[in-house]
J.: 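Right, I'll just put the structure down here and ask away after.
Note that the structure is predicted; figures quoted are calculated from it, not measured.
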Amino acid sequence: MIIQELLRGTGVDGISREPVKVDARGIEAAADWGSLRSSENYVGYDRTENFASPGGAALDKPRMYQLPTMLRLNEWALSGDWTVKKDRTVLNKPSGGVAYRFQARDLHLVMGPAVPGTSVRLRVLIDGQPPGVAHGIDVDEQGGGTVTEQRLYQLIRQPKPIVDRQFEIEFLGSGVEVFAFTFG
């Protein structure tokens, strides 16, 4: 409303006095605060929490990781050949994955190809199954998607009821960098 008033004050014609309505459906939608039990988590070793791969992280060195038998709420783990760096984690070979136990309507992952102009295909599962109607805007109902640039990707937008779920992402190529999980 302040911007509208300033525009009217400069003599611009046709500026409505009604507030602009935002149709927030994607990542711009407000969080579902009533069901949110997971908070932002970085995946570089400098700021991460609740890393659960057996043996812990090998800092700044390539290492093969495995998922634990079970993840507790807000724990995450790697599978495959990764290098955990200070501010990100980088997939060294194809078929690596990340699992995260979360409770939120939305799950987002900030990620991108390590080399600009390249892309990496991915597959997302929720509780071991394709996401179906719980897919985010960046994956289809079967969980398929492609990382094409460094940005925030909405991977899960689940309908109610919102409960504790296990998210898994598998990258079908190498050279992807993952930075942070966010939830809404």
J.: With sequence neighbours left out, write down each residue that passes side-chain contact (heavy atoms from CB on, under 4.5 Å) with D60, or none if nothing qualifies.
T.: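 With sequence neighbours excluded, D60 shows a side-chain contact (heavy atoms from CB on, under 4.5 Å) to Y45, K85, given in chain and number order.
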J.: When you measure from the side chain of R63 to the backbone N and O of V84, does any donor-acceptor pair fall under 3.5 Å?
T.: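 Between the backbone of V84 and the side chain of R63 there is no qualifying donor-acceptor contact (under 3.5 Å).
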J.: With S53, which residues qualify under side-chain hydrogen bond (donor to acceptor under 3.5 Å, both in side chains), at least two apart?
T.: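 Partners of S53 under the side-chain hydrogen bond (donor to acceptor under 3.5 Å, both in side chains) test: none.
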J.: Would you mind listing every salt bridge (Lys or Arg N to Asp or Glu O under 4.0 Å) that reaches into residues 139-149, with sequence neighbours excluded?
T.: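 Sorted pair list: E149-R151.
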J.: Going by side-chain hydrogen bond (donor to acceptor under 3.5 Å, both in side chains), name the residues that satisfy it together with K61, two or more places apart in sequence or in a different chain.
T.: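 Partners of K61 under the side-chain hydrogen bond (donor to acceptor under 3.5 Å, both in side chains) test: none.
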J.: Does R47 have any salt bridge (charged side-chain N to carboxylate O under 4.0 Å, His left out) partners at least two apart in sequence or in another chain, and if so, which?
T.: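 Listed in chain order: nothing, the list is empty.
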J.: Might you point out which heavy atoms bring V139 and L155 nearest each other, and give the distance in Å?
T.: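 For V139 versus L155, the nearest heavy atoms are CG2-O, 3.3 Å.
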J.: What pairs with N92 under side-chain hydrogen bond (donor to acceptor under 3.5 Å, both in side chains), at least two apart in sequence or on another chain?
T.: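 Only D81, T83 meet the side-chain hydrogen bond (donor to acceptor under 3.5 Å, both in side chains) criterion with N92.
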J.: Are the side chains of P131 and L125 in touch, meaning some heavy atoms are under 4.5 Å apart?
T.: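 A side-chain contact under 4.5 Å is absent here.
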J.: Do S79 and Q66 touch side chain to side chain, with heavy atoms closer than 4.5 Å?
T.: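 No, too far: nothing below the 4.5 Å cut-off.
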J.: So V163 and Q103, side chain to side chain contact (heavy atoms under 4.5 Å, CB included) or not? Walk me through it.
T.: CA-CA 6 Å; V163 295; Q103 185 173 330; 5.5 Å; no
J.: Are L107 and I126 connected in the hydrophobic side-chain network, where two residues link if heavy atoms are under 4.5 Å apart?
T.: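 In one cluster with L107: I126, yes.
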J.: From L73 CG over to S38 OG, what is the distance, rounded to the nearest 0.5 angstrom?
T.: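 Taking CG in L73 and OG in S38, the distance rounds to 5.0 Å.
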J.: Distance check, rounded to the nearest 0.5 Å: L152 atom CG versus M111 atom CE?
T.: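 Between L152 CG and M111 CE, I get 8.5 Å after rounding to 0.5 Å.
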J.: Can L91 be reached from L59 by stepping across I, L, V, M, F, W or Y side chains whose heavy atoms are under 4.5 Å apart?
T.: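 Yes, it is one cluster - the side chains of L59 and L91 are joined through contacts under 4.5 Å.
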J.: Kindly give the heavy-atom pair with the smallest separation between Y65 and L78, and that separation in Å.
T.: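 The answer is CB-O, 3.4 Å.
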J.: List for me each residue that meets side-chain contact (heavy atoms from CB on, under 4.5 Å) alongside A52, sequence neighbours excluded, and say none if there are none.
T.: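 Listed in chain order: P68, L71, E75.
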J.: Holding to salt bridge (charged side-chain N to carboxylate O under 4.0 Å, His left out), I want the full list of residues that pass it with D87, two or more places apart in sequence or in another chain.
T.: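 Residues passing salt bridge (charged side-chain N to carboxylate O under 4.0 Å, His left out) with D87: none at all.
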J.: Do T146 side-chain atoms and V120 backbone N/O form a donor-acceptor pair below 3.5 Å?
T.: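 Checked: no pair found.
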J.: Can I get a per-line list of side-chain donor-acceptor pairs under 3.5 Å for residues 175-184, giving both atom names and the distance, sequence neighbours left out?
T.:
from: E177; atom 1: OE1; to: Q150; atom 2: NE2; distance (Å): 2.5
from: E177; atom 1: OE2; to: R88; atom 2: NE; distance (Å): 2.9
from: T182; atom 1: OG1; to: H108; atom 2: ND1; distance (Å): 3.1

J.: Decide yes or no for V147 and Y153: does some side-chain heavy atom of the first lie under 4.5 Å from some side-chain heavy atom of the second?
T.: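 They are in side-chain contact.
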J.: Checking S39 now: which residues fulfil side-chain contact (heavy atoms from CB on, under 4.5 Å) with it, not counting sequence neighbours?
T.: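 Applying side-chain contact (heavy atoms from CB on, under 4.5 Å) to S39 gives none.
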J.: Please report the shortest heavy-atom distance between Y42 and T48, naming the atom on each side.
T.: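 Looking at all heavy atoms of both residues, the closest pair is O-OG1, 2.7 Å.
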J.: How many angstroms lie between atom CD1 of I156 and atom CD1 of I162, to the nearest 0.5 angstrom?
T.: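 Here the interatomic distance stands at 10.5 Å.
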J.: List in chain and number order the residues that pass side-chain hydrogen bond (donor to acceptor under 3.5 Å, both in side chains) with Y100, two or more places apart in sequence or in another chain; answer none if no residue qualifies.
T.: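 Scan of Y100 (side-chain hydrogen bond (donor to acceptor under 3.5 Å, both in side chains), adjacent residues dropped) gives N41.
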J.: Kindly work out whether a path of hydrophobic side-chain contacts (I/L/V/M/F/W/Y, heavy atoms less than 4.5 Å apart) joins L36 to W76.
T.: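 Same cluster.
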J.: Do E168 and V98 make a side-chain contact, defined as non-hydrogen atoms from C-beta onward lying under 4.5 Å apart?
T.: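 With C-beta onward as the side chain, the pair stays apart.
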J.: Hey, could you give me each pair passing salt bridge (Lys or Arg N to Asp or Glu O under 4.0 Å) that has a residue in residues 122-136? Not counting sequence neighbours.
T.: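 Every pair satisfying salt bridge (Lys or Arg N to Asp or Glu O under 4.0 Å) with a residue in residues 122-136: R123-E170, D127-R165.
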J.: In Å and rounded to the nearest 0.5 Å, what is the CD to CZ distance from Q166 to R72?
T.: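 Separation between the atoms: 13.0 Å.
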